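Have a look at the structure below before the remarks.
Since the model is a prediction, treat every value here as computed from it, not as a measurement. Side chains included, hydrogens not; waters and symmetry mates left out as well; all remaining heavy atoms used.
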Amino acid sequence: MSETKEKKDIVEKEFVAFPDVAADVINVLLYQGERMADKDSLMAGPTESVYQGKKKLRNQYEDICKYKFADGAVHLMYLIANQSRTDGKMLLRKAGYTGGIYREQYEGKIKDACPVIEFVLYWGENRWRSNRSIRKMFGKKKISEKEWKYVDNLELYVFEMRRLPKETRELFESDMRIVVDFLAEGASYRSDRKVVHKAALIKMIKVLSGDTDVDGIEDWLEEQGIREEDEIKVCELFDQYERKGRNEGRKQGRREGRKEGEARRLVKDVESAMNFFRVTLEKACEGLGTTVQGYEKAREICLESEAVL
């Protein structure tokens, strides 16, 4: 897994794993907004299960696992997968994940046996056209209805987060509402909603916009005197962070401008010395206290600048 993809996966897991966000996602996407789960009834569960590989036991990881408790016992287990790309074999992965959990229940590794519900949050831009049922996956095989009768019709529940209808988005009560509205409305998105998970939200918006440079966000919040428990509207938070980006951009521009100016002066001085004194490049560089490598690097900077223009 590339470092970029790994960082993106970590950010998505961190955001959805918050109890209020996880409960919100479950209630809105599975139960059309009915409050079937609440953050106090959900507890993080193991995301690792084990299966037999060709030669040895292997482990597999689900992104998020949440137990739902009722009357002091486990009532349900939710498995939530984050996907950035479509996967034609996701159904088989689901069979492995849920099968691994049921196997652990059978072996007594999990105290309370319970049903498992798995669903996928798909964050990609292309439509999910991959198989969502066993029947569709193996539809081209010549299997009769009598045979299909005994095939478990495993279903894959995929929610395309960039394309949720407005009436669905409006059911969210957590910071997930900000994320899905931003994905639907783009850079023009503005809202007076209060932000709960400030650092995690900024990271989530950044990675979904294609920017995985999420280091230092907690430090920036601390510098701004913004604490997690503080009340701040999303428009205020976004405006402050955008202002940070503009300031950094201006500083970078000034640094690049100085660098380009120094490069142009060096190239001009070296070439003037070569022409005036009719000496080689090496002699001109030596006389000006630089090297041929330094001149060539400065010339590359000038050429790159001209190419941009």
Side-chain angles (χ1 to χ4, degrees), residues 1-29 37-40 42-45 47 61-66 78 80-84 121-124 159 161-162 164 169 172-252:
M1 181 185 294
S2 69
E3 184 178 347
T4 297
K5 186 178 185 304
E6 183 177 8
K7 188 175 288 188
K8 186 173 185 294
D9 289 347
I10 290 171
V11 168
E12 291 170 352
K13 291 177 189 177
E14 178 189 38
F15 182 76
V16 181
F18 285 111
D20 62 318
V21 176
D24 204 23
V25 165
I26 290 168
N27 290 328
V28 171
L29 299 182
D38 65 79
K39 63 179 182 179
D40 296 323
L42 295 178
M43 188 180 79
T47 57
Y61 294 91
E62 183 63 287
D63 288 333
I64 297 162
C65 173
K66 294 287 185 181
Y78 294 102
I80 306 175
N82 289 297
Q83 280 288 117
S84 297
L121 306 182
Y122 172 57
W123 301 101
F159 298 94
M161 302 304 285
R162 292 178 183 269
L164 295 177
R169 302 198 316 264
F172 285 107
E173 298 180 353
S174 69
D175 286 347
M176 183 59 80
R177 170 69 184 275
I178 299 169
V179 173
V180 294
D181 279 350
F182 174 83
L183 292 177
E185 299 177 25
S188 62
Y189 168 69
R190 287 292 181 272
S191 171
D192 287 333
R193 292 186 65 85
K194 299 289 197 314
V195 181
V196 177
H197 308 292
K198 299 164 185 65
L201 176 70
I202 293 175
K203 291 178 184 179
M204 190 70 171
I205 295 294
K206 281 174 71 73
V207 299
L208 292 176
S209 301
D211 181 2
T212 55
D213 182 14
V214 296
D215 297 328
I217 289 176
E218 287 87 354
D219 293 337
W220 173 78
L221 287 170
E222 186 175 346
E223 290 169 5
Q224 299 302 309
I226 302 173
R227 301 171 300 174
E228 280 291 279
E229 62 269 25
D230 292 341
E231 282 198 359
I232 186 169
K233 296 177 181 178
V234 62
C235 56
E236 296 170 344
L237 184 63
F238 280 16
D239 286 345
Q240 288 191 44
Y241 196 76
E242 286 174 4
R243 196 155 49 245
K244 167 183 177 289
R246 289 194 296 270
N247 291 337
E248 289 180 349
R250 283 195 289 269
K251 290 178 183 177
Q252 180 65 21

Using atom types as modelled and distance alone, determine if a side-chain donor or acceptor of [X] lies under 3.5 Å from a backbone N or O of [Y].
X	Y	value
Arg190	Val234	no
Ser174	Met176	yes
Asn27	Ala23	yes

Any chance you could measure [X], atom [atom1], to [Y], atom [atom2], to the nearest 0.5 Å?
X	Y	atom1	atom2	value
Asp9	Gln83	CG	CD	8.5 Å
Ile232	Ile226	CD1	CD1	4.0 Å
Thr212	Ile10	OG1	CD1	11.0 Å
Glu12	Leu121	CD	CG	8.5 Å
Ile202	Asp211	CD1	CG	12.0 Å

If you take all heavy atoms of [X] and [Y], which pair is closest and at what distance?
X	Y	answer
Arg162	Gly124	CD-O, 3.2 Å
Asp63	Ile80	CB-O, 3.2 Å
Phe172	Arg193	O-NH2, 4.0 Å
Arg169	Leu164	NH1-O, 3.3 Å
Met161	Leu29	SD-CD1, 4.1 Å
Ala200	Phe18	CB-CE1, 3.5 Å

If we only count heavy atoms from C-beta on, is the [X] to [Y] side-chain gap below 4.5 Å?
X	Y	answer
Leu237	Leu221	yes
Val214	Lys7	yes
Asn82	Lys8	no
Val179	Phe15	yes
Lys66	Met43	no

Checklist entry - Should we say atom CD of Glu185 is surrounded by more than 12 heavy atoms from elsewhere, each under 6.0 Å from it? => result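 Yes, because the 6.0 Å sphere around CD of Glu185 holds more than 12 heavy atoms from other groups.
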Checklist entry - Passes side chain to side chain contact (heavy atoms under 4.5 Å, CB included), His197 versus Asp20? Steps please. => result CA-CA 10 Å; His197 308 292; Asp20 62 318; 2.9 Å; yes
Checklist entry - Stepwise, does the side chain to side chain contact (heavy atoms under 4.5 Å, CB included) test hold for Leu208 with Phe182? => result CA-CA 10 Å; Leu208 292 176; Phe182 174 83; 5.8 Å; no
Next on the checklist: One thing to verify: whether Asp181 and Arg177 come together as a salt bridge, which I'm taking to mean a side-chain N less than 4.0 angstrom from a carboxylate O.
Outcome noted: yes
Item to check | Chi angles and distances behind the side chain to side chain contact (heavy atoms under 4.5 Å, CB included) call for Lys198, Asp175 | outcome: CA-CA 9 Å; Lys198 299 164 185 65; Asp175 286 347; over 6 Å; no
Next on the checklist: Checking Tyr78 against Ile64 for the side chain to side chain contact (heavy atoms under 4.5 Å, CB included) test, could you report, in this order, the C-alpha distance in whole Å, the side-chain angles of both residues, the deciding distance, and whether it holds?
Outcome noted: CA-CA 8 Å; Tyr78 294 102; Ile64 297 162; over 6 Å; no
